[in-house]
Amino acid sequence: MENISEQQRIFGYKSEEDIIDLREIVYGLLHRWKMILLAMLIGAVMMGCFHYYCTTSTYRSDAKLYITNTDSVSSISDLQLSAALTEDCIDIITSRTVLKQVIKNLNLNMDFKQLADLITVENPNSTHIIHIYVTCNDAELCRDIANTLIEISTDQIYQIVGIREPTIIDYAEAEAIEEITPGFLKYLLLGALAGLVFMCVILVLRILTDTTIKMEEDIEKYMNIPVLTTVPYDKEM
């Protein structure tokens, strides 16, 4: 500390031993609650406008297949073989051959890679059931793609694997299509949260870098000079 110049001491030099006063930060944020509230409001309005003008509705349809090796599964080996075949069937469903045939049948204006991005195929808990999900911005198109995909897939699986034709459990139906677009309220909450975080960061940085003298305690804090007396300020003078 002996190397600290008099000028550094007077103008608020801080040593490495100084710590951040959390109470000062909390009180500073509470004192500026109107600015924080305004930032949250602006963030919510901006995200609300973005949702209204820039987002489009997204829909998801689903269909289900049941895969089995024989007409009647009667042994553990049959179950294990059917489970292994299920994984093969998933690859066949998302193959280029199947996807290109779907595009041809529906006369879609996209290639097989773009179509593959709309499709999700799952085998929950390693069962014999395959879930096919199609997600896009057109509810009817979701349904048509899912139903065409499942029909072409069953025929393709039968030809390639040579097992009995998979059983279609559920076709995609208009009543079962879900709208999965994030709701307007969610956008508002995200906008308000973003405004809150942004404004709090700005205010904390201002509080931490503010070394101006506002009261007698600041003189002792930043200048290390004891306060002997104070002169009251009269606004009417």
Side-chain angles (χ1 to χ4, degrees), residues 50-187 189-190:
F50 176 81
H51 178 276
Y52 184 80
Y53 292 106
C54 301
T55 60
T56 56
S57 299
T58 304
Y59 303 93
R60 184 176 69 177
S61 62
D62 69 289
K64 296 178 184 178
L65 278 177
Y66 183 80
I67 307 297
T68 183
N69 183 39
T70 60
D71 290 334
S72 60
V73 180
S74 58
S75 66
I76 298 297
S77 61
D78 290 335
L79 289 172
Q80 292 175 341
L81 182 57
S82 296
L85 288 173
T86 301
E87 297 297 325
D88 296 336
C89 293
I90 291 176
D91 291 335
I92 294 174
I93 292 171
T94 56
S95 64
R96 291 193 299 271
T97 301
V98 172
L99 297 180
K100 287 181 177 179
Q101 189 62 44
V102 172
I103 294 173
K104 181 179 179 180
N105 288 8
L106 295 177
N107 194 26
L108 301 177
N109 186 24
M110 63 178 72
D111 57 30
F112 71 91
K113 292 182 179 179
Q114 293 172 319
L115 178 58
D117 291 336
L118 307 180
I119 299 171
T120 303
V121 182
E122 298 178 353
N123 175 221
N125 301 321
S126 298
T127 62
H128 301 152
I129 298 176
I130 294 178
H131 292 240
I132 299 174
Y133 300 99
V134 179
T135 305
C136 66
N137 298 327
D138 188 324
E140 292 186 2
L141 182 60
C142 283
R143 179 196 60 194
D144 294 342
I145 291 177
N147 289 334
T148 304
L149 179 64
I150 203 169
E151 290 174 353
I152 295 174
S153 297
T154 53
D155 182 63
Q156 196 72 10
I157 290 171
Y158 177 73
Q159 294 182 27
I160 294 175
V161 182
I163 61 174
R164 69 183 295 268
E165 188 171 313
T167 302
I168 298 176
I169 300 176
D170 284 329
Y171 279 100
E173 298 179 353
E175 296 79 5
I177 294 177
E178 298 179 84
E179 183 175 358
I180 59 175
T181 309
F184 184 70
L185 180 59
K186 184 176 181 179
Y187 272 80
L189 293 176
L190 289 175

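In this chain, residues are counted from 1 in sequence order.
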Side-chain touch [X]/[Y], heavy atoms, less than 4.5 angstrom:
| X | Y | value |
| --- | --- | --- |
| Ile93 | Ile157 | yes |
| Leu118 | Thr135 | no |
| His131 | Asp62 | no |
| Ile169 | Leu65 | no |

[atom2] on [Y] to [atom1] on [X], rounded to 0.5 Å:
| X | Y | atom1 | atom2 | result |
| --- | --- | --- | --- | --- |
| Lys100 | Leu115 | NZ | CG | 12.0 Å |
| Thr148 | Arg143 | OG1 | CZ | 10.0 Å |
| Ile150 | Thr154 | CD1 | OG1 | 7.5 Å |
| Gln114 | Asn109 | CD | CG | 8.0 Å |
| Ile145 | Ile103 | CD1 | CD1 | 9.0 Å |
| Ser61 | Asp170 | OG | CG | 12.0 Å |

Short side-chain to backbone donor-acceptor contact, [X] and [Y], under 3.5 Å:
| X | Y | answer |
| --- | --- | --- |
| Asn147 | Tyr171 | no |
| Thr120 | Tyr133 | no |
| Asn123 | Ile129 | yes |

Quick one: closest heavy-atom pair of Ala172 and Ala146, and the distance?
->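 Heavy-atom minimum between the residues: CB-CB, 3.7 Å.
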Going by atom types only, do Asp155 and Gln159 share a side-chain donor-acceptor pair under 3.5 Å?
->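 Yes.
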Step-by-step side-chain contact (heavy atoms from CB on, under 4.5 Å) determination, Leu141 to Leu108 = CA-CA 10 Å; Leu141 182 60; Leu108 301 177; 3.6 Å; yes
Residues at least two apart in sequence or cross-chain that pass side chain to side chain contact (heavy atoms under 4.5 Å, CB included) with Ser95, listed by chain then number, are Thr97, Val98
Begin with the C-alpha distance, continue with both residues' side-chain angles, and end with the deciding distance and a verdict on side-chain contact (heavy atoms from CB on, under 4.5 Å) for Asp111 and Leu99.
-> CA-CA 9 Å; Asp111 57 30; Leu99 297 180; over 6 Å; no
Might you confirm whether atom CD of Glu122 has over 12 heavy atoms from other residues, nucleotides or ligands at distances under 6.0 Å?
-> yes
